[in-house]
Amino acid sequence: MASGFYYQGGILRGDEIALPELAALYPTPFYCYSRQKIIANYQRFDKALAAAGIEQRQICYSIKANGALAIINTLAQAGAGADIVSGGELVRALRGGISADKIVFSGVGKTAEEIRAGFAATIARFNVESLDEIDMIAALARDRGKVAKLAVRINPDIEAGGHTKISTGKAEDKFGIAYENAVAAYAHIAALDGVEAQGIDIHIGSQILDLTPFRHAFARVRDLLTTLRSAGHNITHLDLGGGLGVPDETDSPPLDITAYANLIAETFKDCAPQGQCHITLEPGRALVADAGVLITRVIRTKKSAPNQKSTKNFMIVDASMAELIRPTLYDAYHHIAPLTEPEKETPIYQWDIVGAICESGDILGLGRTLPAMPADTPLAIFHCGAYASVLASHYNARPHIAEVMIDKDTHQIIRPRQTYDELLAGETIPDWNQ
Ligand code: LLP
């Protein structure tokens, strides 16, 4: 049986479940995730690394892509560790069943409280991004009589990623320590008690669909590794970040995971004098994006004002930028299609598919060719497994929508839709207003 989301006999299925049936059961909008697809994505990734001969490895799922406990736990059971960037993500990772010794703590602004939480949990490593952070971790470690393991995140000054807002490896980005200052940073660590430099870390951007930026970045890591080892630093771990893109329908072919794994193996195969390093990878999107859809329904359609040069057709649906902000924020394309494929001869029109939020930017898809669809027709917005629910907001007082996980022929709510009482929970009107 196929896993994930695919049409069979004109009906969209998630694993073995016909999604029109699910849409009749759960009120829309809701996110729907395929457990089998997540596992398949993880295994494909891990097998590619194994086949390339990378024996010492750990895939640390980047929790920021989708922090649902059910997803984290599915990946934990498959063998994943976690890449976290906040105290909240640490709690999610641990409650999701990731063992602490497989957790790496990334992020440019870790607070003392978050660092202490990392110590308390005995995580594997901190990926550090500034000398100030190194000093803070060292001081906090000394207070506890510990030695914290570090990898220094290097900013290799490389252009990568689908959009300027998700590029992280350019010199002007806030991330990492400049490549030119890397050697000094390792010397700084070596002179401090309470910290030990175990690795080199990079993450150059997200939604990368071509190997070239990885090739350049890995070469820089390799050079730095050689330099550091000859300067006497015992570097044993390389964290090569995430960033592997998942193409939409308009994009180039997917990034070849085998070629990616082979590139890593080739670049780091014999790193004298200490030999091969342990490799950590931090994929987010590549593990979960295509394992999720957002199910929505047509509320109504309307045309723009008739006196404009071009009249537009709007399809207003019950999902919005509050549940999927990527088209608004990054001009991202997400394929949108009805759960039941229309008959071949049905006339088609151009539609702007929009939500009900009071912003012109509340766009889910522009200029989509689809038939006219009556109110209540259910639609799927594809590739909503990553960076959809995690970026959700309550704008226009919209409660967080339900999340459903399917597994072969079963389904279960993994997070119910918030009630209005839950949405308002904890808010008070100050005494002086009473
Ligand atoms: N590691 C670090 C340190 C990161 O900052 C990120 C993503 C990842 C790993 C995972 O990257 P991935 O494999 O998912 O590309 N909200 C944007 C994406 C922002 C990514 C931020 N960092 C979007 O919706 O496209």
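In listed order, ligands and their atoms are each counted from 1. In this chain, residues are counted from 1 in sequence order.
- Closest to atom 25 (O) of ligand 1 by heavy atom, among H383, Q207, R285, is R285.
- Note on ligand 1: G243 sits in its first shell, one or more heavy atoms being nearer than 4.0 Å.
- Less than 4.0 angstrom separates some heavy atom of E282 from each of these atoms of ligand 1: 1 (N), 2 (C), 3 (C), 8 (C), 9 (C), 10 (C), 13 (O).
- The distance from ligand 1 to the heavy atoms of R153 drops below 4.0 Å at these ligand atoms: 3 (C).
- The salt bridge (Lys or Arg N to Asp or Glu O under 4.0 Å) analysis of residues 88-111, with sequence neighbours excluded, yields the pairs K110-E133.
- Taking the six-membered ring where the residue is Trp, H335 and F382 present tilted rings, their angle falling between 30° and 60°.
- Under the 30°/60° scheme for interplanar angles, the aromatic rings of H400 and H394 are found to stand perpendicular.
- Counting heavy atoms closer than 4.0 Å to ligand 1, residue D83 contributes side-chain atoms (C-beta onward) but none from N, CA, C or O.
- Set against the non-hydrogen atoms of P283, the atoms of ligand 1 under 4.0 Å away are 13 (O).
- Other residues, nucleotides and ligands place more than 12 heavy atoms under 6.0 Å from the CZ atom of R215.
- In A65, neither the side chain nor the backbone holds a heavy atom less than 4.0 Å from any atom of ligand 1.
- Between F218 and F214, the two ring planes are tilted [angle within 30° to 60°].
- At a 4.0 Å heavy-atom cut-off, ligand 1 touches R326 through the side chain alone.
- When non-hydrogen atoms are compared, ligand 1 lies under 4.0 Å from the side chain of H203 (C-beta onward) but not from its backbone.
- The environment of CD in Q77 is crowded: more than 12 heavy-atom neighbours from other residues, nucleotides or ligands sit within 6.0 Å.
- The side-chain contact (heavy atoms from CB on, under 4.5 Å) with E282 is formed by just one residue from the set L240, D201, I59; it is D201.
- Considering both main-chain and side-chain atoms, S106 never comes within under 3.5 Å of ligand 1 through any nitrogen or oxygen pair.
- Counting only residues at least two apart or on different chains, the side-chain hydrogen bond (donor to acceptor under 3.5 Å, both in side chains) pairs with a member in residues 50-59 are D46-R57.
- At a 4.0 Å heavy-atom cut-off, ligand 1 touches Y330 through the side chain alone.
- Ligand 1 places these atoms under 4.0 Å from at least one heavy atom of Y387: 7 (C), 10 (C), 11 (O), 12 (P), 14 (O), 16 (N), 18 (C), 20 (C), 23 (C), 24 (O).
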